Every structure is written in C-alpha cells, then in structure tokens.
Amino acid sequence: MEKTFDSWYVADATLTSRFLLGTARYPSPQALRQAMLASGSQVVTVGLKRQLAAAGDNGFVQMIRATLQETGARLLPNTAGCTTAREAVQLAHMARELYGTPWIKLEVVGDEYTLQPDPVQLLDAARQLVREGFTVFPYCTDDLVTCKRLLDAGCPLLMPWGAPIGSGQGLVNPFALRLLRERLPDVPLVIDAGIGAPSHAAQAMEMGYDAVLLNSAVSLSPDPVRMAGAFRQAIEAGRAAYLAGVMARQDFAVATTPVTGDPFLIGNAP
C-alpha cells in the first residue's frame with residue numbers, strides 16, 4: 001500500500017514530521033547527529049545564548065549545520081535564558097543575522113524556579129518581533145487568554161508547556177490542554193517542555209495536538225539515539241490514534257461480548 005503523508009503547516013512551511021527536536025546536552029556531536037537522523041525531525045532548535053557561552057564551535061554547531069544540510073530540516077533558534085522582552089528581541093535579531101532565518105522560538109522566563117514564561121514580557125516581545133518580520137513560535141503556558149493574545153499579536157502557532165522545562169513530568173494539566181485544543185481548533189498547537197517519556201508524547205498527540213517539541217528526554221537518555229526513535233514511533237502512533245478516533249471513556253463496565261440472543265454450545269453436541 002502506498003504511504004500517504006499527514007502534513008501540517010507552519011507559516012511558509014509544509015511539514016510531515018510532527019517531532020521537533022532540541023539539540024542541547026548531548027554527550028557528543030556524533031550522538032546528536034544520530035539522534036537527529038533517528039527522530040526524522042524536520043525542525044530542530046538551538047539556543048543562541050548557549051552557543052555564545054560556548055565561546056566558539058565545540059563540534060556541536062558544525063554537526064548541527066551538516067546534519068541540517070543532509071536532511072533538509074529547518075533550524076529554529078530560540079531565546080532561552082531571556083527574562084525581558086528587550087533581551088529576547090535583541091537575541092532574536094542576532095539569531096536572524098547568524099542563521100539567516102526569520103523563525104524564532106520565543107522564550108521569556110518569568111520565574112527562575114519553574115522557568116515559567118512571563119506572559120506580559122512574552123506578549124510584548126511577540127508583538128515587536130511580528131512587526132519586524134519574524135515568524136514567532138511562542139513558548140507559553142496553557143492559559144487560554146494569554147494564548148489568544150499571542151494569536152492576536154500575529155503568532156502563527158502556539159507552544160504551550162506540558163510541565164516545567166526539563167522536569168519530565170508529562171502533561172500535568174490535561175484538562176487545560178484539552179480545553180485549549182477545543183477552543184482553538186484551527187491553530188497549530190505544539191506541546192513544548194516537560195515531556196519525559198514517549199507515552200507522554202503519544203498522549204499529547206491523542207488529544208489532537210499537532211506536534212511535540214522536546215530535548216532532555218532524548219539527550220539525557222543513556223541511549224539518546226534509540227530514545228529518539230522511540231519518540232518518533234510514539235508521536236506517529238498518537239497521531240494515528242487521534243485520526244482513527246479514540247473510544248470514549250466510561251464510568252462503568254461495558255460488556256464487549258454479547259450475552260443475549262441465540263444460544264450456542266462450546267464443543268461437540270451430544
């Protein structure tokens with residue numbers, strides 16, 4: 001049977017992979033490359049502040065560029081580590097100059113303990129960057145009102161967290177995430193942050209989310225390459241389940257084998 005691709009759209013791009021992969025904290029450039037290939041991702045993120053702090057290419061940047069060229073995947077720079085709109089906007093402009101892309105994953109942290117996004121600074125930065133020609137991927141919470149304001153500012157999609165960054169807790173507030181999906185049915189939604197296991201990613205996809213972005217769950221695994229493949233399969237399975245239609249949950253037992261109708265005998269009749 002011929003394989004058909006289930007595409008989704010982000011601004012000017014048509015994507016078939018629903019797995020967005022981060023590139024931080026891998027044990028080696030080679031492990032990063034192999035994980036990128038195993039993931040099948042068409043979008044990978046890179047933190048500009050982290051690269052600047054590295055004081056030069058330690059092998060990872062070169063490997064990312066080479067693998068992107070090999071696979072045709074797109075780079076999504078991010079403003080991780082910024083705490084004000086001004087800082088995030090400045091970093092976004094640096095990223096556009098360095099990487100030649102208007103895409104930017106916008107992160108503005110409001111709390112150092114939870115790394116929760118600051119909704120006021122995030123919205124301010126998003127408005128400025130959209131006016132200046134950026135395609136803004138905002139990392140936000142699952143708050144519906146904030147999400148609506150970001151869409152009004154011109155963001156083409158939303159990236160609500162599943163749980164605090166790097167926590168591996170999974171989807172801690174599935175009610176809010178389901179509500180977000182229901183209220184914004186035509187908006188691309190990507191779960192970003194907090195994913196720890198492939199089952200968490202599958203759960204998000206079964207809810208109808210368009211994609212999942214994660215980093216630590218792969219890079220910190222003892223076998224990042226195998227884990228990248230596991231997440232790829234889980235995301236594909238979750239999407240297939242959503243398209244097929246997951247059965248409704250019941251508060252009571254529902255017999256799956258009929259016990260009424262014509263009688264039947266097991267074994268040979270006497």
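Note that this is a predicted model, so its numbers are computed, not measured. When a residue number appears, it is its place in the shown sequence, counting from 1. These numbers come from the heavy atoms of this one structure, side chains and all, not from hydrogens, waters or symmetry mates.
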Please answer: with hydrophobic residues joined when any side-chain heavy atoms are less than 4.5 Å apart, are [X] and [Y] in the same cluster?
X	Y	result
F60	Y99	yes
V136	L184	yes
V89	V109	no

State the [atom1]-[atom2] distance between [X] and [Y], to the nearest 0.5 angstrom.
X	Y	atom1	atom2	value
Q42	F19	CD	CZ	12.5 Å
L91	E107	CG	CD	10.5 Å
R74	D12	CZ	CG	4.5 Å
L15	Y9	CG	OH	10.0 Å
M63	S28	CE	OG	8.0 Å
T79	I104	OG1	CD1	6.0 Å

Got a donor-acceptor contact below 3.5 angstrom from the [X] side chain to the [Y] backbone?
X	Y	result
S167	P164	yes
S39	M36	yes
Q121	A85	yes
Q203	S199	no
W8	S17	yes
R18	D210	yes
R181	G208	yes
T71	T67	yes
Y209	L177	yes

Within a strict 4.5 Å, meaning less than it, do heavy atoms of the [X] and [Y] side chains meet?
X	Y	answer
L75	V46	yes
L158	P138	yes
L48	M94	yes
V187	L189	yes
T84	V108	no
C147	C140	yes

Practice prompt. Could you walk me through whether D124 and R86 pass the salt bridge (Lys or Arg N to Asp or Glu O under 4.0 Å) test, one step at a time?
Written response: CA-CA 9 Å; D124 186 15; R86 180 179 180 181; over 6 Å; no
Worksheet item: Just wondering, are more than 12 heavy atoms of other shown residues or ligands nearer than 6.0 Å to CD in Q69?
Response: no
Fill in: Carboxylate-amine/guanidinium contact E70 R33, below 4.0 Å
yes
Worksheet item: Hey, is D142 close enough to R178 for a salt bridge, meaning N to O under 4.0 Å?
Response: no
Criterion side chain to side chain contact (heavy atoms under 4.5 Å, CB included) against [X], the qualifying member of [options]:
X	options	value
K148	L150, V145, T146, L144	L144
F137	L106, N78, V10	V10
T45	L21, I64, L213, D192	L213

Worksheet entry | Parallel, tilted or perpendicular: ring planes of F134 versus H93, cut at 30 and 60 degrees | perpendicular
